[in-house]
Participant: 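Here it is, the structure in full.
In this chain, residues are counted from 1 in sequence order. When reading the values below, keep in mind they use all heavy atoms of this one structure, side chains included, and skip hydrogens, waters and symmetry mates.
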Amino acid sequence: LEPSAVAAAIASANIHLTPEITLLQESLRNKLLLFKQLMLGLQLPLISHSDTPVFYLGTSLPETAYNLVNRLYQEGYFVNPGIYPAVPLKNAGLRITISNHNDVATINGLAQALALHFNEALIETKNTYGTIYKSFGMAVKAATTIETNVMNEVFIYDSIKEIDKS
(Lines give C-alpha, C1' and ligand atoms only; values in the text may rest on other atoms or scores of the structure.)
Protein backbone atom coordinates (compact mmCIF):
# COMPACT_ATOMS: atom_id res chain seq x y z
CA LEU A 1 0.00 0.00 0.00
CA GLU A 2 1.02 3.56 -0.68
CA PRO A 3 1.81 5.61 2.43
CA SER A 4 -1.00 8.05 1.61
CA ALA A 5 -3.54 5.17 1.49
CA VAL A 6 -2.32 3.88 4.87
CA ALA A 7 -2.58 7.37 6.38
CA ALA A 8 -6.10 7.80 4.99
CA ALA A 9 -7.15 4.41 6.39
CA ILE A 10 -5.77 5.29 9.83
CA ALA A 11 -7.52 8.69 9.81
CA SER A 12 -10.78 7.03 8.75
CA ALA A 13 -10.48 4.38 11.46
CA ASN A 14 -9.83 7.07 14.08
CA ILE A 15 -12.99 8.94 13.05
CA HIS A 16 -15.05 5.73 13.02
CA LEU A 17 -13.95 4.95 16.58
CA THR A 18 -15.30 8.24 17.98
CA PRO A 19 -18.75 9.84 18.29
CA GLU A 20 -17.66 12.27 15.56
CA ILE A 21 -18.73 9.73 12.92
CA THR A 22 -22.39 10.18 13.88
CA LEU A 23 -22.14 13.96 13.55
CA LEU A 24 -20.40 13.72 10.17
CA GLN A 25 -22.94 11.20 8.86
CA GLU A 26 -25.87 13.36 10.00
CA SER A 27 -24.32 16.46 8.42
CA LEU A 28 -23.84 14.65 5.11
CA ARG A 29 -27.36 13.19 5.23
CA ASN A 30 -28.81 16.70 5.69
CA LYS A 31 -26.77 18.08 2.78
CA LEU A 32 -27.85 15.23 0.50
CA LEU A 33 -31.49 15.79 1.43
CA LEU A 34 -31.15 19.53 0.78
CA PHE A 35 -29.64 19.00 -2.68
CA LYS A 36 -32.23 16.38 -3.59
CA GLN A 37 -35.08 18.67 -2.52
CA LEU A 38 -33.61 21.58 -4.49
CA MET A 39 -33.30 19.44 -7.64
CA LEU A 40 -36.85 18.11 -7.31
CA GLY A 41 -38.13 21.64 -6.75
CA LEU A 42 -36.40 22.80 -9.93
CA GLN A 43 -37.87 19.82 -11.81
CA LEU A 44 -34.52 19.02 -13.38
CA PRO A 45 -34.09 15.46 -14.72
CA LEU A 46 -32.38 13.89 -11.73
CA ILE A 47 -31.85 10.29 -12.80
CA SER A 48 -30.85 8.77 -9.47
CA HIS A 49 -32.90 9.36 -6.33
CA SER A 50 -30.82 7.16 -4.03
CA ASP A 51 -29.27 8.23 -0.74
CA THR A 52 -25.71 8.30 -2.05
CA PRO A 53 -23.55 11.43 -2.30
CA VAL A 54 -23.32 11.10 -6.10
CA PHE A 55 -26.22 12.48 -8.14
CA TYR A 56 -26.69 12.03 -11.88
CA LEU A 57 -28.44 14.80 -13.78
CA GLY A 58 -29.47 13.59 -17.22
CA THR A 59 -28.72 15.59 -20.36
CA SER A 60 -28.99 12.77 -22.92
CA LEU A 61 -26.64 14.44 -25.40
CA PRO A 62 -22.89 14.70 -24.67
CA GLU A 63 -22.88 18.22 -26.15
CA THR A 64 -25.40 19.36 -23.56
CA ALA A 65 -23.38 17.78 -20.76
CA TYR A 66 -20.18 19.54 -21.89
CA ASN A 67 -22.03 22.84 -22.32
CA LEU A 68 -23.45 22.63 -18.82
CA VAL A 69 -20.14 21.52 -17.26
CA ASN A 70 -18.44 24.56 -18.81
CA ARG A 71 -21.17 26.93 -17.69
CA LEU A 72 -20.99 25.64 -14.10
CA TYR A 73 -17.18 25.81 -14.14
CA GLN A 74 -17.41 29.49 -15.09
CA GLU A 75 -19.63 29.96 -12.03
CA GLY A 76 -17.07 28.24 -9.80
CA TYR A 77 -18.66 24.77 -9.56
CA PHE A 78 -16.82 21.64 -10.59
CA VAL A 79 -18.96 18.73 -11.76
CA ASN A 80 -18.02 15.78 -13.96
CA PRO A 81 -19.58 14.87 -17.29
CA GLY A 82 -20.89 11.34 -17.55
CA ILE A 83 -20.31 10.46 -21.20
CA TYR A 84 -19.66 7.50 -23.48
CA PRO A 85 -18.00 5.00 -22.94
CA ALA A 86 -18.68 5.29 -19.18
CA VAL A 87 -22.42 5.52 -19.95
CA PRO A 88 -24.43 4.66 -23.09
CA LEU A 89 -24.07 7.27 -25.85
CA LYS A 90 -27.55 8.79 -25.38
CA ASN A 91 -27.37 8.72 -21.55
CA ALA A 92 -24.93 11.57 -21.02
CA GLY A 93 -25.28 13.71 -17.94
CA LEU A 94 -23.55 15.35 -15.02
CA ARG A 95 -22.12 13.53 -12.02
CA ILE A 96 -22.56 15.83 -9.06
CA THR A 97 -20.92 14.87 -5.77
CA ILE A 98 -22.02 16.39 -2.48
CA SER A 99 -19.73 16.00 0.53
CA ASN A 100 -19.20 17.45 3.98
CA HIS A 101 -16.69 19.80 2.36
CA ASN A 102 -19.64 21.60 0.71
CA ASP A 103 -21.44 24.10 2.90
CA VAL A 104 -25.15 24.87 2.60
CA ALA A 105 -24.48 28.14 0.76
CA THR A 106 -22.42 26.30 -1.87
CA ILE A 107 -25.14 23.68 -2.35
CA ASN A 108 -27.78 26.40 -2.74
CA GLY A 109 -25.51 28.27 -5.14
CA LEU A 110 -24.99 25.17 -7.27
CA ALA A 111 -28.75 24.64 -7.46
CA GLN A 112 -29.25 28.27 -8.49
CA ALA A 113 -26.56 27.94 -11.16
CA LEU A 114 -28.21 24.77 -12.49
CA ALA A 115 -31.57 26.55 -12.56
CA LEU A 116 -30.01 29.39 -14.53
CA HIS A 117 -27.94 27.36 -16.99
CA PHE A 118 -29.78 24.08 -17.61
CA ASN A 119 -32.39 25.46 -20.01
CA GLU A 120 -29.81 27.67 -21.72
CA ALA A 121 -27.62 24.62 -22.34
CA LEU A 122 -30.62 22.76 -23.78
CA ILE A 123 -31.37 25.62 -26.16
CA GLU A 124 -27.76 26.03 -27.30
CA THR A 125 -27.42 22.31 -28.05
CA LYS A 126 -30.91 21.94 -29.56
CA ASN A 127 -31.91 19.46 -26.87
CA THR A 128 -35.23 19.06 -25.04
CA TYR A 129 -36.60 17.65 -21.81
CA GLY A 130 -38.57 15.18 -23.95
CA THR A 131 -35.35 13.82 -25.46
CA ILE A 132 -33.84 13.42 -22.01
CA TYR A 133 -36.89 11.67 -20.56
CA LYS A 134 -37.07 9.33 -23.55
CA SER A 135 -33.35 8.52 -23.42
CA PHE A 136 -33.56 7.53 -19.78
CA GLY A 137 -36.92 5.75 -20.05
CA MET A 138 -38.56 8.23 -17.70
CA ALA A 139 -42.23 9.12 -17.70
CA VAL A 140 -42.63 12.49 -19.33
CA LYS A 141 -43.96 15.01 -16.85
CA ALA A 142 -46.04 17.96 -17.96
CA ALA A 143 -44.57 18.92 -21.29
CA THR A 144 -42.34 21.94 -21.10
CA THR A 145 -41.64 23.92 -24.24
CA ILE A 146 -38.80 26.39 -24.38
CA GLU A 147 -38.53 29.00 -27.11
CA THR A 148 -36.40 32.05 -27.73
CA ASN A 149 -37.16 35.10 -29.81
CA VAL A 150 -34.85 37.42 -31.72
CA MET A 151 -34.13 39.32 -28.50
CA ASN A 152 -32.90 36.05 -26.91
CA GLU A 153 -35.66 36.16 -24.33
CA VAL A 154 -36.58 32.73 -23.02
CA PHE A 155 -40.22 31.69 -22.64
CA ILE A 156 -41.23 28.47 -20.91
CA TYR A 157 -44.65 26.91 -21.44
CA ASP A 158 -46.26 23.93 -19.74
CA SER A 159 -48.77 23.40 -22.54
CA ILE A 160 -48.83 23.92 -26.29
CA LYS A 161 -52.11 25.79 -25.76
CA GLU A 162 -50.22 28.62 -24.07
CA ILE A 163 -48.17 29.44 -27.18
CA ASP A 164 -49.35 32.29 -29.39
CA LYS A 165 -49.87 30.97 -32.93
CA SER A 166 -48.72 34.19 -34.60
Participant: Keeping to residues at least two apart or across chains, list the side chain to side chain donor-acceptor pair (under 3.5 Å) pairs with something in residues 23-40.
Facilitator: E26-R29, S27-N100, K36-D51
Participant: Running the 4.5 Å side-chain criterion over Ile, Leu, Val, Met, Phe, Trp and Tyr, what cluster does L33 land in, apart from itself?
Facilitator: none
Participant: With sequence neighbours left out, write down each residue that passes ring pair (Phe, Tyr, Trp, His ring centres under 6.0 Å) with F136, or none if nothing qualifies.
Facilitator: none
Participant: Would you please say whether a donor-acceptor pair under 3.5 Å links the side chains of Y56 and N91?
Facilitator: no
Participant: Just distance, no hydrogens or angles: give the donor-acceptor pairs under 3.5 Å from side chains in residues 1-19, sequence neighbours left out.
Facilitator:
from : atom 1 : to  : atom 2 : distance (Å)
S12  : OG     : H16 : ND1    : 3.4
N14  : ND2    : I10 : O      : 3.4
H16  : ND1    : S12 : O      : 2.8
T18  : OG1    : I15 : O      : 3.0
T18  : OG1    : E20 : N      : 3.3

Participant: Could you identify which residues cluster with I83, counting Ile, Leu, Val, Met, Phe, Trp and Tyr as linked when any side-chain heavy atoms lie under 4.5 Å apart, either directly or through a chain of such contacts?
Facilitator: Y66
Participant: Are T125 and T64 linked by a side-chain donor-acceptor pair shorter than 3.5 Å?
Facilitator: yes
Participant: Going by side chain to side chain donor-acceptor pair (under 3.5 Å), name the pairs with one or both residues in residues 71-88, residues two or more places apart or in two chains.
Facilitator: N67-R71, R71-H117, R71-E120, R71-E124, E75-H117
Participant: Which residues pass the side chain to side chain donor-acceptor pair (under 3.5 Å) test with T97, not counting sequence neighbours?
Facilitator: none
Participant: Strictly by ring pair (Phe, Tyr, Trp, His ring centres under 6.0 Å), give each pair with a member in residues 26-46 just once, sequence neighbours left out.
Facilitator: F35-F55
Participant: What residues, two or more places apart in sequence or in another chain, satisfy side chain to side chain donor-acceptor pair (under 3.5 Å) together with S60?
Facilitator: S135
Participant: Linking Ile, Leu, Val, Met, Phe, Trp and Tyr by side-chain heavy atoms under 4.5 Å, what else ends up with L61?
Facilitator: none
Participant: Salt bridge (Lys or Arg N to Asp or Glu O under 4.0 Å): which pairs involve residues 96-119, sequence neighbours left out?
Facilitator: none
